[in-house]
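As structure tokens, the structure follows; a few thoughts come after it.
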Amino acid sequence: GGAGAEGEEAPRRVNGDALMLPPQATVPATASKRTNGVFGRRRAMPPLSRTSEAFGHTPAASSSTTAAAVAAECSGESSSAAAAGAAGGTVYRLRFFNFNMANSSHFSSVSELQGPGGRGTFPSALREPLADGSTADIVFATLVETRLNLKDWGQEFIGKSKGAPVDSLIIQSARRECSKSTKSRVRGWFEGLAASYNGNLKSVLAFGSARCTEDPRGALFGRLTEARVAGIPVPNPKKAFMGRSVVEKGDGSGIRLCFTGAHFPVAKLAAALEDKGIDQLHGAKVALARSLRKVLRKASRRGVADNRTILFLQGDLNSRTVLRTDGSDNECLVSLDRSRDRKLGLELDDSDAICYSGGSALLITGIRGGLAEAWNIEHPQERMRVGDYIVEVNGIRDDCARMIEECKHGLFLKLHVHRKVTDVLLEVLHDDDMQEAIQHELGLPPGRWHEMADYEVVHDLPVTYKYLDQVACTSSPAPSPVSTPVLRKQVVSNSSSNLISLTIGDIMGAAAGPTARRVVSHAPSEMEPDSPSSKRKSDDSEASHLCSELYKRHLLDIGDEKLNEFGLVYKKNDFRAFRFPACADRIVFWAPDAVADRMSFSLPRGGYEVNHAQLGSDHRPVALEAILHISPEGSAVRRSQRLQVSVRLEPGALLEQSEDEQGRDSDDFEHSSGEETPSSSRVPSSMLIAASE
């Protein structure tokens with residue numbers, strides 16, 4: 001690596017050509033004029049985890065504990081109450097399971113579905129111990145676009161669960177919820193027809209009646225309009241959200257857990273990715289944020305989102321991978337002053353495979369304190385992340401050796417940083433402006449959305465969509481340079497021996513080198529002159545085509561053979577940007593800051609677990625195990641910084657288009673709150689099947 005400047009520790013070469021410029025304590029970085037808002041605005045704050053690390057990247061087995069309760073749970077002790085008492089808090093062992101079945105006719109019964117990670121069958125999700133050997137307290141499963149009848153299975157399961165740790169079920173059906181909340185017979189008929197054609201959204205909430213009981217005031221349901229005809233929402237029960245809540249028995253003032261299944265619309269997000277006239281990432285973020293806001297708005301009006309409720313949201317949230325074109329419009333200027341401290345705190349990869357705009361660039365593979373971390377703290381809206389490209393250093397481009405030398409010796413550094421790939425949901429959660437807009441004027445206590453498995457690096461996100469429905473992924477690539485090795489190792493070691501792991505980083509790293517890139521011709525074909533209206537349609541189609549070319553070119557670079565090994569769909573003649581491989585199926589939660597500051601997670605299996613052996617859909621089932629510890633009031637494990645109204649954005653103008661002309665949902669005054677659903681404290685558990693098919 002060569003010697004550094006005078007007084008500077010010599011850089012170390014790691015991972016072949018990866019250059020690490022050693023970190024040092026943070027010092028102030030000089031401010032710079034922002035060149036582009038592609039990175040969003042994020043305030044520096046400790047993540048929700050048991051330690052200071054992101055909770056998606058810190059497996060339970062390898063991280064230090066902060067409470068005896070969590071240690072007892074991970075060692076397999078049976079009494080969660082006793083363990084929580086030792087730490088003065090509460091512990092919940094949770095399992096989540098989600099599968100978008102794509103209205104498939106391949107499944108005739110629940111028993112044909114595989115369990116989490118391919119272990120056993122679907123009922124295994126309710127009975128199987130967590131990876132640490134402990135028993136789940138609560139299991140929440142969501143089946144999106146399903147044709148399955150869960151009522152009969154639920155009754156049979158309850159009949160066999162007497163005395164079991166999990167002996168109570170609440171089954172919800174969006175079609176059933178729609179019928180309860182619709183006064184119009186015509187609308188009800190259309191929604192039933194739509195459910196038969198498109199599939200239904202269903203969920204299963206299972207828990208032990210010895211510890212938990214349903215809170216009948218915690219029911220939640222709302223429609224999510226995908227399309228309108230003549231201003232009238234088109235009924236589609238599969239695009240909705242619905243949830244039920246549980247509380248611990250005898251704890252009337254304690255924490256309430258609301259478990260909500262959802263299927264988010266994708267039409268507006270897809271259109272944003274193909275709109276050449278806008279910032280596609282921003283447009284996609286707004287589309288997704290509107291759905292999150294609608295959930296919160298309904299939860300607020302129903303009294304479900306309050307100062308003691310954690311609202312878990314699971315399902316096909318239709319997040320998408322966003323590719324950014326090379327160019328100055330998608331670059332951010334970072335200015336660092338090394339006159340007082342010469343430690344950058346950057347780990348960089350300068351291998352030949354790192355390409356940008358036909359030339360070379362430096363890939364950020366790690367940020368370890370120093371000026372880089374100081375910049376991120378002081379400029380959250382332009383923060384650098386692992387996976388970003390440094391494409392220019394003090395005017396030097398396309399020459400990695402000179403760029404590295406300038407990083408080592410220059411006193412004042414102007415870095416042009418480019419983010420080539422990102423994820424819509426990840427960007428929304430990291431953007432304080434968007435988070436504030438989502439809950440603006442909803443009358444909620446200070447809070448925000450978080451992801452259960454907090455993937456700081458987009459390259460670590462697993463691919464859950466878009467797969468061939470009858471071809472399994474048979475190739476597990478080597479981790480990309482920016483993947484988190486600890487995370488991937490933990491996920492593999494704690495799952496079945498034949499686990500296949502495919503991430504966004506794998507997709508980005510699988511493309512051939514620049515010399516193998518294909519040139520796609522855009523020459524127009526001969527045709528008759530268009531009418532003005534058809535010409536507008538043609539122009540829109542051409543703009544959409546050009547926006548999709550970046551995604552299409554990347555899949556072409558991967559090649560048919562490798563795509564088939566991955567089991568991924570790529571229809572060359574019918575491709576759109578939103579069909580690029582993505583992590584669509586996720587688990588997020590909203591919590592007030594006062595509660596979130598008391599929460600900590602451990603993930604026994606390291607993060608999301610995708611089952612590539614389950615076929616029959618263009619999605620793959622996703623499972624997540626989490627041990628949630630809630631410290632007593634006054635015993636915060638972190639401190640949140642409250643969201644503030646942005647001076648750059650007008651929250652009302654940004655997201656209020658998600659509401660109708662009256663500023664409220666079409667089903668606001670027709671919803672059945674679910675009070676008729678029996679409570680497990682008053683009736684036999686067999687009566688807890690809340691919705692008939």
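Each residue takes its place number in the sequence, starting with 1. Because the structure is predicted, anything quoted here is derived from the model rather than measured.
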| request: Taking the six-membered ring for Trp and the full ring for Phe, Tyr or His, determine whether the centres of Tyr551 and Phe578 are under 6.0 Å apart. | output: no
| query | Considering residues at least two apart in sequence or located in another chain, which fulfil the ring pair (Phe, Tyr, Trp, His ring centres under 6.0 Å) criterion with Phe107? | reply | none
| query | Does Tyr570 have its ring centroid less than 6.0 Å away from the ring centroid of Phe575? | reply | yes
| query | What residues, two or more places apart in sequence or in another chain, satisfy side-chain contact (heavy atoms from CB on, under 4.5 Å) together with Asp560? | reply | Lys572
| Ring centroid separation for Phe312 and Trp590, is it under 6.0 angstrom? | no
| message | Going by ring pair (Phe, Tyr, Trp, His ring centres under 6.0 Å), name the residues that satisfy it together with Tyr92, two or more places apart in sequence or in a different chain. | response | none
| Taking NZ, NE, NH1 and NH2 as the nitrogens, is one of them in Glu625 or Arg93 under 4.0 Å from a carboxylate oxygen of the other? | no
| said: Looking at Phe96, I'd like to know if the NZ or CZ of Arg586 sits under 6.0 Å from its six-membered ring centre while staying within 45 degrees of the ring's axis. | reply: no
| task | Could you tell me which residues satisfy salt bridge (Lys or Arg N to Asp or Glu O under 4.0 Å) with Arg127, sequence neighbours excluded, listed by chain and number? | result | none
| query | Do Arg244 and Glu177 meet the salt-bridge criterion of a basic N to acidic O distance under 4.0 Å? | reply | yes
| query | Can we say Arg211 and Asp137 salt-bridge, meaning some charged N sits less than 4.0 Å from an Asp/Glu carboxylate O? | reply | yes
| field | Pair listing, salt bridge (Lys or Arg N to Asp or Glu O under 4.0 Å) test, anchored in residues 100-111, at least two apart | value | none
| field | Listed partners of Ser617 passing side-chain contact (heavy atoms from CB on, under 4.5 Å), at least two apart | value | Phe99, Ala102, His619
| Between the main-chain N or O of Leu442 and the side-chain N or O of Ser300, is there a donor-acceptor pair closer than 3.5 Å? | yes
| said: So that I know where these two stand, are Phe241 and Phe264 an aromatic pair - ring centroids less than 6.0 Å apart? | reply: no
